Amino acid sequence: MRKNNTHQQFIESFRHSAPYIHAHRDRTFVIAFGGEAIADNQFSDLVHDIALLHSLGIRLVLVHGARPQIENKLKANGSTFEYANGLRITDDIALTCVKEAAGTVRVEIEALLSMGLDNTPMSGARIGVTSGNFVIARPLGIRNGIDYCHTGEVRRVEGAAIRQHLEDRRIVLLSPLGYSPTGEVFNLSAEEIATATASELHADKLILLTEGDMLKDSRRRLIRQLTLKEATSLLGSKRQLPAPVERQLQHAIQACQHGVRRVHLLDRQQNGALLLELFTRDGLGTLITADTYEDLREATIDDVGGILALIRPLEEEGILVKRSREMLEMEINHFLVIERDGTVIACAALYPCDKQPLAELACLAVHADYHNAGYGDALLQTIEMRAKRTDIRKLVVLTTRTAHWFREHGFSAGDKSDLPARKKGLYNYQRNSRIFFKLLD
């Protein structure tokens with residue numbers, strides 16, 4: 001019986017991963033990890049997971065750090081990094097150590113990606129890895145009287161060259177080094193390189209593997225998702241964030257502002273973090289999404305007229321339940337709207353259920369001129385995100401005409417027992433609406 005249960009769990013998990021496998025194929029992901037990951041005895045597990053992503057058709061750019069390896073070389077030479085204003089000063093001795101450490105780490109990663117031993121996760125893998133001078137850098141120079149020597153910043157990334165290697169199904173591996181047109185080498189931040197590369201490529205995802213510090217709310221709970229607007233607001237608030245978390249948030253915001261659709265912050269020390277984040281519904285890290293719809297906001301009393309104009313045709317067709325102006329005014333705090341040029345073109349409402357981790361999604365409507373433009377998806381995503389933050393575990397919706405849309409978005413068929421208590425007695429048998437639900441956690 002135990003064996004059968006194990007088989008069934010595998011089948012279910014594999015089936016649930018299928019939509020993500022299809023969605024990620026031929027997408028471009030930039031993954032950054034520090035030298036701490038490479039020094040870890042379990043680094044080979046991370047490499048195996050990266051190889052699996054490659055085998056599933058994902059185009060990968062890897063950016064590695066080398067801080068502990070550099071510090072070990074400096075220590076062996078009797079030297080240390082000097083810092084000023086939070087930035088490293090890379091003198092001649094330090095640069096030699098940086099180049100030696102980065103070169104050693106790069107070779108180690110390439111060797112692991114070249115493994116093909118039987119009875120290992122890399123068995124049968126044939127992975128081409130490309131490294132090169134894809135990052136053009138410039139010196140930080142002298143700031144506030146301090147010469148940062150060979151510490152630099154990204155000037156540009158050779159996107160066309162990287163794209164060509166990705167088209168040829170090679171993994172591109174970038175070290176924390178940059179090169180100038182005059183032949184100089186500069187010590188760079190791996191996170192800065194990853195952010196600049198993801199922005200240049202307009203990557204579908206930037207994934208930053210962290211070393212334990214994660215973005216949490218005031219109750220020490222992991223923040224699962226933020227929009228770009230929310231992330232910017234958090235960074236600009238008075239709340240004190242750990243330095244590594246603040247830095248990662250800055251890079252995430254920068255990437256989203258420059259064409260990256262999604263940024264994932266993951267705890268590298270979690271075994272299988274990449275796979276769990278990319279191939280399960282809830283993941284285990286923090287997702288920061290670009291504000292594709294900057295006009296999506298909470299509704300105000302001034303939006304009542306616009307919402308009425310939007311939903312009236314749908315009410316007349318029997319798609320939506322009729323709502324009076326008075327009802328909308330009383331319940332406007334439950335609504336989200338998308339406005340364009342002063343007109344409400346989409347709306348949705350979330351009605352939490354008292355004393356239950358349950359809420360009703362209602363009045364999801366998009367103007368006919370904007371069907372298939374993704375506004376419904378954006379509203380649903382925002383509704384789900386807000387529901388999760390208030391510990392709601394289940395969304396319920398009633399529909400007469402759009403069952404297929406909700407099924408496509410992860411909802412399952414339900415019955416009256418799934419409804420909030422206040423709705424069970426109000427169920428309209430004449431409308432005979434179908435009931436769907438979606439588990440959020």
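This structure is a prediction, so every number in the text was calculated from the model and none was measured.
Residues E158 and R156 are paired through a salt bridge, judged by an N-O separation under 4.0 Å between the basic side chain and the carboxylate. K388 and E384 are not joined by a salt bridge, as no carboxylate oxygen comes within less than 4.0 angstrom of a charged side-chain nitrogen. Residues R268 and D40 are paired through a salt bridge, judged by an N-O separation under 4.0 Å between the basic side chain and the carboxylate. E230 and R389 are joined by a salt bridge, as a carboxylate oxygen and a charged side-chain nitrogen come within less than 4.0 angstrom of each other. With respect to the salt-bridge test (charged N to carboxylate O, under 4.0 angstrom), the residues D217 and R219 do not qualify.
Residues Q8 and E12 have side chains that bring a donor and an acceptor to within less than 3.5 angstrom of each other. Of the N and O atoms on the side chains of T210 and Q248, not one donor lies less than 3.5 Å from an acceptor on the other residue.
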Derivation of the side chain to side chain contact (heavy atoms under 4.5 Å, CB included) call for F81 and I70: CA-CA 9 Å; F81 258 133; I70 294 169; 3.4 Å; yes

Intermediate values then yes/no, side chain to side chain contact (heavy atoms under 4.5 Å, CB included), R386 and L336: CA-CA 11 Å; R386 294 191 175 204; L336 296 173; 3.5 Å; yes

Going through the distances and angles, do E153 and R143 end up as a salt bridge (Lys or Arg N to Asp or Glu O under 4.0 Å)? CA-CA 13 Å; E153 60 185 358; R143 302 189 178 190; 3.5 Å; yes

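Taking the six-membered ring where tryptophan is involved, the planes of H367 and Y370 are perpendicular, since the angle between them exceeds 60° and thus also 30°. Ring pair H334/Y351 is tilted by interplanar angle, where 30° to 60° counts as tilted.
A donor-acceptor pair is defined here as one N or O able to donate and one able to accept, closer than 3.5 Å; no such pair exists between the side chain of D49 and the backbone of L46. Checked by atom type and distance alone, the side chain of D204 pairs as donor or acceptor with a backbone atom of T28 at under 3.5 Å.
Residues V185 and Y179 form a side-chain contact, since some pair of their non-hydrogen atoms from C-beta on lies under 4.5 Å apart. Contact annotation: the side chain of L308 approaches that of R325 to within less than 4.5 Å [non-hydrogen atoms, C-beta and beyond]. Side-chain contact between L287 and Q225 is present, with heavy atoms from C-beta onward closer than 4.5 Å. In this structure the side chain of L228 reaches within 4.5 angstrom of the side chain of I253, judged on heavy atoms.
Between atom CD1 of residue I383 and atom NZ of residue K438 there is a gap of 12.0 Å, rounded to the nearest 0.5 Å.
For the ring pair (Phe, Tyr, Trp, His ring centres under 6.0 Å) condition, no pair includes a residue of residues 241-275, sequence neighbours left out.
Between F436 and F411, a ring centre-to-centre spacing not shorter than 6.0 Å is recorded.
For the pairing with L209, the side-chain contact (heavy atoms from CB on, under 4.5 Å) check across L265, D267, I31 returns one residue only, I31.
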Just distance, no hydrogens or angles: give the donor-acceptor pairs under 3.5 Å from side chains in residues 55-68, sequence neighbours left out.
{"residue": "S55", "atom": "OG", "partner": "L52", "partner atom": "O", "Å": "2.7"}
{"residue": "R59", "atom": "NH1", "partner": "E167", "partner atom": "OE2", "Å": "2.9"}
{"residue": "H64", "atom": "NE2", "partner": "S175", "partner atom": "OG", "Å": "2.8"}
{"residue": "R67", "atom": "NE", "partner": "E36", "partner atom": "OE2", "Å": "3.1"}
{"residue": "R67", "atom": "NH1", "partner": "E71", "partner atom": "OE1", "Å": "3.2"}
{"residue": "R67", "atom": "NH1", "partner": "E71", "partner atom": "OE2", "Å": "3.2"}
{"residue": "R67", "atom": "NH2", "partner": "E36", "partner atom": "OE2", "Å": "2.4"}

